[in-house]
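Read the structure below first, then the notes.
Keep in mind the model is a prediction, meaning the values are calculated, not measured.
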Amino acid sequence: MVRVHSTSPLRRPTNVTLPAQLLEEAKSLDLNISQACEQGLKSAIALVRAQQWLAENRSSLEASRQYVEKNDLPLADYRNF
């Protein structure tokens with residue numbers, strides 16, 4: 001038996017509750033509600049992941065900032081700008 005692998009990710013139906021006015025406006029503009037929700041969810045996930053990364057790495061970033069304040073940028077003498 002040969003398996004055929006789909007190039008599209010597995011999609012699952014879900015229920016989403018949206019404000020009626022927002023939904024009506026989206027429909028009047030012929031927006032694809034599923035795609036718009038997917039794009040919004042991707043953006044929200046990226047934002048939260050970025051915030052988490054900053055929180056997890058805050059001490060390292062602060063240490064690096066303090067080092068530069070105290071010692072200037074590494075190899076600063078070799079910069080052309």
The criterion is salt bridge (Lys or Arg N to Asp or Glu O under 4.0 Å); which residues satisfy it with E25, sequence neighbours excluded? none

Treating S43 as the side-chain partner and Q39 as the backbone partner, does any N or O pair qualify as donor plus acceptor under 3.5 Å? yes

ILVMFWY cluster membership beyond V68 - transitive side-chain contacts under 4.5 angstrom: Y67, L73

At what distance, to the nearest 0.5 angstrom, does CG of N32 lie from SG of C37? 9.0 Å

How would you list, by chain and number, every residue that makes a side chain to side chain contact (heavy atoms under 4.5 Å, CB included) with D30, sequence neighbours excluded? none

According to salt bridge (charged side-chain N to carboxylate O under 4.0 Å, His left out), does anything in residues 35-46 pair up with another residue at least two apart or in another chain? List the pairs. R11-E38, E38-K42

Across all chains, not counting sequence neighbours, the side chain to side chain contact (heavy atoms under 4.5 Å, CB included) partners of R65 are E62, E69

Enumerate, atom names and distances included, each donor-acceptor pair closer than 3.5 Å involving a side-chain atom of residues 45-52, sequence neighbours excluded.
none

Remaining members of hydrophobic cluster (4.5 Å side-chain criterion), V16: L18, L23, I33

